[in-house]
Amino acid sequence: MFLADCHNHTCCSQDSDADLGQVLEQAARMGLSMVCTTDHLDLISRDGVLWDDWDWSPLLAQHRYWQEHGPKDVELCLGGEVNVPHQFEDRVRNLLGQVSLDMVMGSAHNMSERYDRQDFILWNYVDEATCHKALDDYFDELLAISQLDFIDILAHIPYTLRYMNARDGNHITLERYYDRLEVILKNLIRRGAGMEVNTNRGKVLEEYRPILQMYRRLGGEIVTLGSDSHVPEDIGKGIEGAALLLKELGFDYYTVYRRRKPEFIPL
Ligand SMILES: [Zn+2]
Ligand SMILES: [Zn+2]
């Protein structure tokens with residue numbers, strides 16, 4: 001089966017030291033047919049400070065080099081993950097106009113201005129009330145991102161649960177946000193955009209089941225698969241399982257992007 005990991009990070013992301021050559025070697029060993037890198041195109045720091053500029057040159061140089069020198073049986077595509085693009089829409093639009101990418105993901109790692117644009121990772125989720133306060137803000141942000149015409153894929157919808165549950169020991173589910181999620185997914189569908197199953201290095205899958213069920217019920221068809229790896233060993237983790245989950249839920253294909261166009265891979 002053609003397996004593609006379309007969410008992963010290299011040393012061009014602030015939070016990764018991964019060498020793309022090693023990532024691609026590991027991808028070949030894992031039997032992946034495609035790697036689409038999605039380094040953070042961040043315009044904001046973890047504590048909410050806005051950065052002036054973004055320099056494409058290291059990312060483009062890395063991509064060109066490994067397209068030529070990487071393993072021949074692993075296709076290398078160039079994507080990017082833009083954090084809270086709705087908070088500085090014009091700047092992101094301008095940034096994305098400077099290069100041609102294969103795929104653009106929108107994510108929400110930082111809170112809104114209401115909470116000083118702090119990264120969700122920085123809060124201590126001491127109780128359920130704190131979790132819901134953060135989630136209320138988070139879903140407002142996802143709603144705003146889902147309306148942006150330059151975002152192909154909405155990244156890791158259950159993202160904040162990584163910190164609320166896995167790290168801080170809560171047992172939060174997203175049910176109370178399903179009405180809002182439905183609006184978000186409808187926006188994506190109407191725009192011809194999609195969502196991803198982000199396995200968080202092979203650790204997460206079941207959290208996506210109800211989201212995918214809702215998405216499919218609403219007519220959603222575009223789903224990319226990604227490990228969110230930040231080290232070479234994690235590339236491809238959980239991708240095959242994610243593809244099998246899609247198949248089990250009645251999807252006929254998953255999606256990859258080339259030159260910002262969705263292409264469908266039969267399951
Ligand atoms: Zn992310
Ligand atoms: Zn990521």
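The chain is numbered in sequence order, starting from 1. Whatever order the structure lists them in is the order used to number ligands and atoms, beginning at 1.
Distance check for His40 against the Zn ion (ligand 2): none of its N/O/S atoms falls below 2.8 Å.
Here the N, O or S atom of Glu81 that is nearest to the Zn ion (ligand 2) is OE1.
Using the six-membered ring where Trp is involved, His40 and His9 have ring planes that are parallel, under 30° apart on the 30 and 60° scheme.
In this structure, the ring of Tyr125 has its center no less than 6.0 angstrom from the ring center of Tyr163.
Rounding to the nearest 10°, we obtain 100° for the angle at the Zn ion (ligand 1) between His109 NE2 and His156 NE2. Geometry about the Zn ion (ligand 2) gives an angle of 80° between NE2 of His7 and OD1 of Asp228, rounded in steps of 10 degrees.
Ion pair Glu113/Arg117 flagged as a salt bridge, since at least one NZ, NE, NH1 or NH2 atom sits closer than 4.0 Å to an Asp/Glu carboxylate oxygen. A salt bridge is defined here as a Lys NZ or Arg NE, NH1 or NH2 lying under 4.0 Å from an Asp or Glu carboxylate O, and Arg216 with Glu221 fails to meet this definition.
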